[in-house]
Amino acid sequence: MGKKMIYQSQKGEMAALIVETEAYLGQKDSTAHAYRGHRSPANEALYGPPGMIYIFSLRGRMMLNFITQQREVPQGILIRGIEPIIGKEIMKKNRLKHGFELTNGPGKLTEALGIVDRTLNLTLLNQGSLKLDLGKGYRPQKIISAPRVGVSRRGSWTDKPLRFFVAGNPYVSQLPKQQMDLINHGWQNF
DNA sequence: CGGGCGATGGCA
DNA sequence: GCCATCGCCCGA
């Protein structure tokens with residue numbers, strides 16, 4: 001949370017802060033693609049090394065995930081919201097939207113970045129066009145955890161609080177306007 | 001807020 | 001073939 005993602009696209013460089021993620025905890029997680037060790041060409045990236053990029057499509061949108069554990073431990077995080085810092089103009093052209101609607105959802109943010117296929121799937125962070133800067137980044141005032149979005153009626157893991165977001169950051173998906181911190185965006189060092 | 005759209009993969 | 005799905009948009 002608060003770390004910087006940098007994407008070198010054909011149209012130019014973009015950078016954004018991660019403000020919302022969801023964890024998917026592998027074989028034991030009844031909502032995860034690797035539940036009960038499920039493995040196929042589609043989700044092979046889950047079994048890769050830490051920093052591997054997993055992309056799957058949902059209703060025609062690309063979902064961006066980073067693998068977090070060692071090889072053969074199929075856990076990762078879904079990126080659900082990012083706050084643009086660089087390349088906002090490119091994102092606007094890619095999305096045909098502006099403001100918080102640019103990147104406040106998992107499918108929206110990939111569209112904004114211009115990720116429209118699975119080219120990056122099975123590739124590694126920091127070795128290609130997509131980089132993650134694990135340096136200091138921005139510090140959230142508060143991180144909230146909540147049940148994950150869109151995983152209804154899928155067993156005992158459905159309601160586990162594995163969604164995390166920067167409290168008040170307006171690029172968090174489905175965040176009511178009332179809860180938005182429009183001054184600091186939820187950061188300590190904004 | 002509710003409905004419609006939609007591609008892909010996994011399995012029969 | 002058929003079904004299910006980790007979203008988004010638009011129009012009330």
Side-chain angles (χ1 to χ4, degrees), chain A residues 1 5 16 18-48 50-69 73-84 88 90-123 125 130 132 143-166 169-180:
Chain A
M1 215 60 75
M5 230 173 62
I18 296 176
V19 303
E20 180 187 1
T21 63
E22 281 176 0
Y24 286 85
L25 300 187
Q27 291 101 330
K28 59 180 184 271
D29 183 346
S30 59
T31 72
H33 289 173
Y35 182 47
R36 293 180 176 153
H38 177 77
R39 186 168 188 166
S40 75
N43 74 353
E44 181 59 30
L46 284 170
Y47 293 82
M52 179 157 272
I53 297 166
Y54 172 42
I55 294 184
F56 65 90
S57 81
L58 179 68
R59 291 188 169 275
R61 324 276 169 171
M62 296 302 137
M63 302 289 135
L64 176 64
N65 303 256
F66 301 151
I67 301 315
T68 49
Q69 302 296 325
V73 181
Q75 302 189 10
I77 59 168
L78 168 67
I79 308 300
R80 287 194 54 91
I82 61 176
E83 172 165 357
K88 234 180 190 172
I90 307 173
M91 296 185 199
K92 279 184 196 168
K93 284 187 189 138
N94 285 339
R95 270 281 290 156
L96 305 175
K97 298 271 173 187
H98 57 89
F100 308 137
E101 286 300 315
L102 229 38
T103 53
N104 65 343
K108 299 178 189 180
L109 68 90
T110 51
E111 185 176 48
L113 293 170
I115 297 173
V116 296
D117 57 29
R118 298 179 65 213
T119 303
L120 289 172
N121 189 49
L122 287 166
T123 69
L125 280 170
L130 185 59
L132 182 62
I143 293 176
I144 294 181
S145 64
R148 291 168 292 183
V149 175
V151 291
S152 58
R153 291 172 285 114
R154 293 222 254 132
S156 57
W157 281 67
T158 302
D159 297 316
K160 290 202 187 288
L162 292 172
R163 174 191 182 207
F164 302 93
F165 59 91
V166 177
N169 188 283
Y171 291 92
V172 170
S173 67
Q174 303 175 15
L175 190 75
K177 267 190 178 153
Q178 271 185 333
Q179 295 178 29
M180 289 183 182

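Quick note on labels: first sequence line is chain A, next is B, and so on, each numbered from 1.
- For the atom pair A:Thr110 OG1 and A:Leu64 CG, the distance stands at 7.5 Å (nearest 0.5 Å).
- Going from atom CD of A:Glu44 over to atom P of B:dG9 covers 14 Å, rounded to whole Å.
- In this structure, A:Arg118 reaches the sugar-phosphate backbone alone: every heavy-atom distance under 4.0 Å involves primed, P, OP1 or OP2 atoms, never a base.
- Nearest to the side-chain atoms of A:Glu101 among the listed nucleotides B:dG9, C:dC8, C:dC9 stands C:dC9.
- Of the candidates C:dG7, C:dC8, B:dG9, B:dG9 carries the atom nearest the A:Ala42 side chain, counting heavy atoms from C-beta on.
- Whole-Å rounding puts the A:Asn65 CG to C:dG7 C1' distance at 14 Å.
- No donor-acceptor distance shorter than 3.5 angstrom exists from the side chain of A:Glu83 to the backbone of A:Val19, with no hydrogens or angles considered.
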Could you check A:Phe56 against A:His33 for ring-ring contact (aromatic ring centres under 6.0 Å, His included), going step by step and ending with a plain yes or no?
CA-CA 10 Å; A:Phe56 65 90; A:His33 289 173; 4.6 Å; yes
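- Side-chain atoms of A:Asn94 come within 3.5 Å of backbone N or O of A:Ala112 as a donor-acceptor pair.
- The nearest whole Å value for the distance from the CZ atom in A:Arg61 to the C1' atom in B:dT8 is 15 Å.
- The CG-C1' distance, from A:Leu58 to C:dC8, rounds to 10 Å in whole Å.
- The pair A:Arg148-A:Glu22 does not meet the salt-bridge criterion, since no charged nitrogen lies less than 4.0 angstrom from a carboxylate oxygen.
- If you take CZ of A:Arg148 and P of C:dG7, they are 12 Å apart, rounded to a whole angstrom.
- The phosphate of B:dG9 (OP1 or OP2) has no side-chain N or O of A:Arg39 nearer than 4.0 angstrom.
- Relative to the side chain of A:His38, the nucleotides B:dC11, C:dG7, C:dC9 differ in distance, and B:dC11 lies closest.
- Listed nucleotides C:dG7, B:dT8, C:dC9 differ in distance to A:Arg80; the shortest reach to its side chain belongs to C:dG7.
- The OH atom of A:Tyr35 sits 23 Å away from the P atom of B:dG9 (whole-angstrom rounding).
- As a whole-Å value, the separation of A:Met63 CE from B:dG9 P is 15 Å.
- Rounded to whole Å, atom P of C:dC8 lies 8 Å from atom CZ of A:Arg95.
- Distances were taken from every side-chain heavy atom of A:Ser57 (C-beta onward) to each of C:dC9, C:dG7, B:dT8; the shortest belongs to B:dT8.
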